[in-house]
Amino acid sequence: MKCSRCNKNEATVFYKQNINGDIKEFALCSECASSHEHDIYAPFVNLNLFGVKNIPVSEKKRCNLCGSSFDDIRREGKVGCGKCYETFEKELRSTINSIHGTSLHEKRIPKEIKEINDEIESLKKELKAAIENEEYERAAILRDKIKEKEGNL
C-alpha cells in the first residue's frame, strides 16, 4: 500500500482518526511518519498532517500562574490550571473545536427539571392568552400554578 501523504513510498505506519464519529484512516511511509511524529502521538492531535492548519505554538508563551506552555498541555493532555484557559484561549479553542465540533458548553438539564420548565412555558402561554381574552380569574389560577412550579425548581 502506498503512503497517503507522498504517494511514493510503501506505507509502514497506519493511523486511524475518529473525530465525532468521522473516521479517517491513513497509511504513511516511515519518512512521512517520522517528519510528523508529534502530530500522531500528541494527546491533542495536531491535524496539519491531514489538511488542517497547525496551531502556532510559541515556547516563550507560558501561563503566568502555573508556568505551563501549550506544548506541555498537548503532551500531558491536561490543562495546567484555570488561568491556562485564558492564556491559551486561541490554541485551546481551536483544539476543542476540532475534538468536539464546538467550544461552547451545552449544559445538561435533568429530565425532571426540563419537564417542569416545559410545563412552566406552556402555562405562561396559557396565561398570556387568558389575559388577552380578559379571563382574569383563569389568569390568576395560571399565575399561581406558575409560581408553584417555579418554587419547585
Side-chain angles (χ1 to χ4, degrees), residues 4-5 11 13-28 32-33 35-153:
S4 300
R5 187 154 199 268
V13 176
F14 301 91
Y15 179 75
K16 188 173 189 176
Q17 170 184 306
N18 181 348
I19 298 177
N20 294 331
D22 181 21
I23 298 172
K24 295 178 183 174
E25 294 185 45
F26 303 93
L28 304 172
C32 288
S35 68
H36 290 84
E37 183 176 300
H38 67 280
D39 292 341
I40 295 173
Y41 300 107
F44 291 106
V45 178
N46 185 339
L47 300 173
N48 92 315
L49 173 62
F50 309 113
V52 178
K53 270 189 161 179
N54 259 341
I55 300 167
V57 176
S58 169
E59 275 303 315
K60 295 178 183 175
K61 187 176 181 181
R62 292 193 170 275
C63 174
N64 62 7
L65 186 60
C66 70
S68 294
S69 70
F70 189 66
D71 269 348
D72 296 335
I73 293 169
R74 285 180 37 193
R75 187 176 43 257
E76 298 294 321
K78 298 177 186 172
V79 177
C81 70
K83 183 75 173 164
C84 287
Y85 287 101
E86 294 174 27
T87 306
F88 303 108
E89 180 181 5
K90 286 182 184 177
E91 295 90 341
L92 287 171
R93 184 175 306 277
S94 176
T95 301
I96 291 168
N97 281 341
S98 70
I99 294 169
H100 296 288
T102 182
S103 61
L104 296 175
H105 177 71
E106 294 180 15
K107 62 182 177 181
R108 294 183 182 173
I109 300 173
K111 186 177 180 181
E112 298 81 19
I113 293 176
K114 184 171 177 0
E115 288 172 355
I116 292 171
N117 281 336
D118 291 345
E119 283 181 56
I120 291 171
E121 288 305 311
S122 177
L123 289 170
K124 285 182 178 180
K125 287 178 184 175
E126 285 184 50
L127 174 62
K128 185 178 178 183
I131 292 170
E132 287 173 357
N133 294 330
E134 297 180 6
E135 299 172 354
Y136 299 115
E137 288 179 21
R138 184 167 183 266
I141 293 169
L142 291 169
R143 178 202 61 211
D144 294 341
K145 282 185 182 180
I146 292 170
K147 283 184 182 180
E148 180 185 332
K149 299 269 184 203
E150 288 175 339
N152 291 337
L153 290 177

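What you see is a predicted model; the values in this text were computed from it and never measured.
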Next on the checklist: Ignoring hydrogens, what is the shortest heavy-atom contact between Cys84 and Leu92? Give both atom names and the distance.
Outcome noted: O-CD1, 3.8 Å
Checklist entry - Rounded to the nearest 0.5 Å, how far apart are NZ of Lys114 and NZ of Lys111? => result 10.5 Å
Checklist entry - Distance from Ile73 atom CD1 to Cys63 atom SG, nearest 0.5 Å? => result 7.5 Å
Checklist entry - Are Lys83 and Glu86 within salt-bridge range, i.e. N to O under 4.0 Å? => result yes
Checklist entry - Should the pair Lys147-Asp144 be classified as a salt bridge under the 4.0 Å nitrogen-to-oxygen rule? => result no
Next on the checklist: For a quick test of reading the model, state the closest non-hydrogen atom pair linking Leu127 to Ala139 and the distance between them.
Outcome noted: CD1-O, 3.2 Å
Next on the checklist: Could you measure the distance from the CD1 atom of Ile113 to the CD1 atom of Ile120? Nearest 0.5 Å is fine.
Outcome noted: 10.5 Å
Checklist outcome for this item: Interatomic distance, NZ@Lys149 vs CG@Asp118, rounded to 0.5 Å, equals 11.5 Å
Checklist outcome for this item: So CG of Leu142 and NZ of Lys125: to nearest 0.5 Å the spacing works out to 14.0 Å
Checklist outcome for this item: In terms of heavy-atom contacts, Ala130 and Arg138 come closest through CB-NH1, 3.9 Å
Item to check | Nearest non-hydrogen partners of Leu65 and Cys81, listed with the distance | outcome: CD2-SG, 3.7 Å
Checklist entry - Given Arg74 and Asp71, is the side-chain contact (heavy atoms from CB on, under 4.5 Å) satisfied, shown in steps? => result CA-CA 5 Å; Arg74 285 180 37 193; Asp71 269 348; 4.0 Å; yes
Checklist entry - Rounded to the nearest 0.5 Å, what separation is found between the CD atom of Glu126 and the CD1 atom of Ile141? => result 11.5 Å
